[in-house]
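The block underneath contains the structure these notes are about, expressed in C-alpha cells.
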Amino acid sequence: MSQDKIQKVTIIGSGPAGYTAAIYAARANLEPVVFAGGPTLEHPQRVPGGQLMVTTDVENYPGFPEAITGPELMERFQKQAERFGTVIHMENVTKVDFSKRPFLLESESGIQIRSETVIISTGATAKWLNVKGEDAYKNRGVSACATCDGAFFKKQDVLVVGGGDTAMEEATYLAKIVNHVTLIHRRDTLRASKVMQERALNNPKISFMWDSAVEEVVGDGKGMTGAVVRNLKTGDSKLVNAHGLFVAIGHTPNTELFQGILETHQGGYLKTIPGSTRTNIEGVFACGDVQDSYYRQAITAAGTGCMAAIDAERWLIEHGE
C-alpha cells in the first residue's frame with residue numbers, strides 16, 4: 001500500500017525518544033507518522049515502546065515520586081503522542097531509501113511512506129553470551145528479560161550474568177520471586193550505580209560469583225538445568241544447578257536497517273553531529289539509545305527525542321517547507 005501524501009516527519013521506532021519526538025512534532029503541526037516497531041525473526045523479544053516495556057518500577061523518571069512501571073509509562077507516552085494527532089503503525093520499517101528527497105520508507109506490511117525528514121529512534125537490543133547451549137535453551141530457561149519470564153521460576157534457583165545496573169535490577173527483581181539468585185560477573189567489582197549495588201549486595205537471596213563466566217548452558221532437552229561456570233583467575237570450572245539464566249551484559253544498537261547508509265561509531269551506534277541529532281544525511285536525525293552508548297536512560301532518550309523534533313522542524317523551515 002502506498003501513500004500519495006508526502007509526510008513532513010516520519011519516525012522509525014518508539015520508546016521515550018520516538019514518542020517524545022512525536023509529541024513535539026505533532027504539537028508543531030508536522031503531523032508525524034510513527035512506525036513503533038515490534039518482534040522480528042532475529043529479535044522475537046522486541047516490542048513497541050522499547051526497553052521500558054520490559055522494565056519493572058521506574059523510580060528515576062521525574063514526576064513520578066511513587067514510581068511507575070515501564071509499560072505504564074510508555075502507554076502514557078503513546079497516548080500523549082496520539083492526543084496531538086500522531087499516526088502510529090505497530091510494525092517495523094524494512095526498507096529505506098535516503099538517496100533523494102522525499103525519502104522513501106517501506107514497512108513489513110507493505111506501507112510505503114514518502115517523507116521530507118526521518119527521525120530514527122530504533123533503540124538497542126540485549127546482547128547474548130554466545131556460549132554452547134544458550135540458543136538451545138532460549139525461552140526454556142535462558143532469557144534476557146526478568147520481567148517477562150521471572151514468574152516461570154517461582155521458588156527455583158536462577159543465575160544472572162552481568163555487573164551493571166541492568167544486572168542488579170534483574171537480580172533484585174528476581175529475588176522477590178525465586179528461591180535464590182546467583183549473580184555471575186567477570187570482574188571482582190561491579191559497574192552498577194551505588195544504589196543498585198547496595199540493593200543487590202545487601203539482599204540475602206542474592207549471592208555472587210566473582211571473576212567468573214558462563215561457558216555452557218546445560219539441560220535435559222526440555223529445559224535448562226544448570227550452567228558450567230569457569231573461574232577466570234584459576235581456570236577451574238564447575239556446574240551450577242539452576243533452572244533459569246538471565247543475561248544482562250549490555251546492548252547492541254538496532255541499526256541493521258541503516259548499515260552502509262548512515263555513519264556509525266565503532267560499536268554500531270549512529271553518529272550524530274555534536275550538540276544535535278543530525279546524521280551525515282541531511283534531513284535524517286537520530287535520537288535515543290540508537291545513538292547513545294553512554295547514558296542510555298529514559299530521561300536522556302526523551303531529551304534527544306525533543307531535540308530531534310526541533311532539529312527536524314528547523315531543518316524543514318531552512319529548506320522552505
All N/O donor-acceptor pairs, side-chain side in residues 195-214, below 3.5 Å, sequence neighbours left out:
from : atom 1 : to   : atom 2 : distance (Å)
Q197 : NE2    : A192 : O      : 2.7
R199 : NH1    : E59  : OE1    : 3.1
R199 : NH2    : E59  : OE1    : 2.9
N202 : ND2    : E198 : O      : 3.1
N203 : OD1    : K205 : N      : 2.9
K205 : NZ     : A175 : O      : 2.8
K205 : NZ     : V178 : O      : 2.6
S207 : OG     : H180 : NE2    : 2.8
D211 : OD1    : D188 : N      : 3.4
S212 : OG     : W210 : O      : 2.8

Show the atom names and distances, to 0.1 Å, of all donor-acceptor pairs under 3.5 Å that link a side chain in residues 16-34 to residues at least two apart or in another chain.
from : atom 1 : to  : atom 2 : distance (Å)
T20  : OG1    : P16 : O      : 2.6
E31  : OE1    : K5  : NZ     : 2.8

Extract all donor-acceptor atom pairs below 3.5 Å that involve side chains of residues 151-166 and protein atoms in other chains or at least two apart in sequence.
from : atom 1 : to   : atom 2 : distance (Å)
D157 : OD1    : N179 : ND2    : 2.7
D165 : OD1    : S193 : N      : 2.7
D165 : OD1    : S193 : OG     : 3.1

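By the side-chain hydrogen bond (donor to acceptor under 3.5 Å, both in side chains) test, E170 pairs with no residue at all, sequence neighbours left out. Every residue two or more places apart in sequence or in another chain that forms a ring pair (Phe, Tyr, Trp, His ring centres under 6.0 Å) with F35 is listed here: H89. For T304, there are no side-chain hydrogen bond (donor to acceptor under 3.5 Å, both in side chains) partners two or more places apart in sequence or in a different chain.
Contact record, M224 with Y137: N-CD2, 3.5 Å, taken as the closest heavy-atom pair. In plain terms, the two heavy atoms of L183 and A171 that are nearest each other are CD1-CB, 3.8 Å.
Of the candidates R296, H251, Q297, R296 is the only one forming a side chain to side chain contact (heavy atoms under 4.5 Å, CB included) with D289.
Looking at I281 and F103, their side chains come closer than 4.5 Å, going by heavy atoms from C-beta outward. Looking at heavy atoms from C-beta onward, I119 lies in side-chain contact with V9 at the 4.5 angstrom threshold.
The distance from atom CZ of R191 to atom CE of M168, rounded to the nearest 0.5 Å, is 8.0 Å.
Salt bridge annotation for E215-K132: absent, with no cationic side-chain nitrogen under 4.0 angstrom from a carboxylate oxygen. Under the 4.0 Å criterion applied to side-chain N and carboxylate O atoms, R76 and E72 are assigned as salt-bridge partners.
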